[in-house]
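What you are looking at is a predicted structure, and each value in this text was computed from that prediction instead of being measured. Numbering of ligands and ligand atoms starts at 1, following listing order.
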Amino acid sequence: MKATAPGKVILFGEHAVVYNRPALAVPVFQVYVEVEVLDSSASGVWIHAPIIDLHAELTALPADHPIGSVILKLFQRLYISQPPNMEVRISSTIPVASGLGSGAAVSAALFRALSSYLSHPLPNEQVNDLVFEIEKLHHGTPSGIDNTVITYAMPVYFIKGQPIETFYAGKPFTIVIGDTGIPAPTKESVGDVRRLWLRNSNYYEDIFDEIAQISLIARRSIESGKPELLGELMDHNHAFLQRLTVSSPELDKLVTAARDAGALGAKLSGGGRGGNMIALVNQAQAESVAEALMSAGAKRTIVTEVS
Ligand code: PMV
């Protein structure tokens, strides 16, 4: 039994989304996790994840192991106390801790492949809830945007605690993702923004309102087939993220390099202080913007189309 889950990138609204403002995120199909579950003659639940050099039997892992905890959670959900012998193979092309959602994608693909193998395939809604529970174990107080976009593999307009809204692009557009190669310390940056907000909530509430407005206009631009308007919105959103102190010299350098190379706009994406930035480009410029990002220090670039 096989299942996959894509990576993701946040287009607009990170951090403000923690304060109940809307955010937009899209799946990135160029990178993905694949999980295969097979019958096994060896006794137990054997896990092979070469990306993290893991080859172990489930009971040998600590209870809070990021992969072990997903498998245990599923067995618990399906009331399985004596799992059959099986082999779980996990492969991933999503870089870890870069803001592309590698953890949520591993969880989603695992829940899907295992539940199908055990003849109880779970609907998206349940996969989404379970992945969110796992995200909470490892990341403190996530907004839920990662698990949602990855589980539904569709562009989402996300507001914490509200029903899921997916949307379509009226016209496809191209984004270049540039990775600083620095792990994004999301838990820390979310905590720092909270401390700032506690000290001066009026000021930060205003910033969150401005970002909410950007997300709203961005969604309308995408749906009405005017993605070229997103460039300026990205630039504005990045400036607000700088004021939230979640950019970094490396991210700013990549954002500037993308704009100088002809991108229509650029911003950091995700938790910030590391991880990724994104740039909106005309398709013909994608390669030259990607090259400019590499010259400015990016460790990796991905060109993806949102359609
Ligand atoms: O670093 P990422 O891509 O997982 O994004 C974090 C996004 C935040 O809004 C900063 C936090 C959250 O839980 O939504």
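The pair Asp235-Lys267 does not meet the salt-bridge criterion, since no charged nitrogen lies less than 4.0 angstrom from a carboxylate oxygen. Salt bridge status for Glu250 with Arg273: absent, with no side-chain N to carboxylate O gap under 4.0 Å. A salt bridge is defined here as a Lys NZ or Arg NE, NH1 or NH2 lying under 4.0 Å from an Asp or Glu carboxylate O, and Glu210 with Arg243 fails to meet this definition. Between Lys226 and Glu228, none of the side-chain N atoms (NZ, or NE/NH1/NH2) sits under 4.0 Å from a carboxylate O, so this pair counts as no salt bridge.
With a 4.0 Å heavy-atom cut-off, ligand 1 is reached by the side chain of Asp146 but not by its N, CA, C or O. Proximity of Ser143 to ligand 1, defined as any heavy-atom pair under 4.0 Å, is shared by backbone and side chain alike.
Nearest residue to atom 10 (C) of ligand 1 from Lys187, Lys160, His15 is His15 (criterion: closest heavy atom).
Within ligand 1, the atoms closer than 4.0 Å to a non-hydrogen atom of Gly99 are 3 (O), numbered from 1 in the order shown. The atoms of ligand 1 that sit less than 4.0 Å from any heavy atom of Thr186 are 1 (O), 6 (C). If you number the atoms of ligand 1 from 1 as listed, the ones under 4.0 Å from a heavy atom of Val17 come out as 9 (O), 14 (O). Remark: ligand 1 atoms within the under-4.0 Å shell around heavy atoms of Glu14 are 9 (O).
Taking each heavy atom of Val289 and Ala279 in turn, the nearest pair found is CG1-CB, 4.4 Å. Contact record, Val303 with Ala286: CG1-CB, 3.8 Å, taken as the closest heavy-atom pair.
For ligand 1, the polar-atom distance check finds no N/O of Pro142 at less than 3.5 Å from any of the ligand's N/O atoms.
The ring of Tyr157 has its center no closer than 6.0 angstrom to the ring center of Phe167.
Looking from atom 3 (O) of ligand 1 to the surrounding protein, the closest heavy atom is Lys8 NZ, 2.9 Å. Atom 7 (C) of ligand 1 has its closest protein heavy atom at Ile10 CD1, 3.7 Å.
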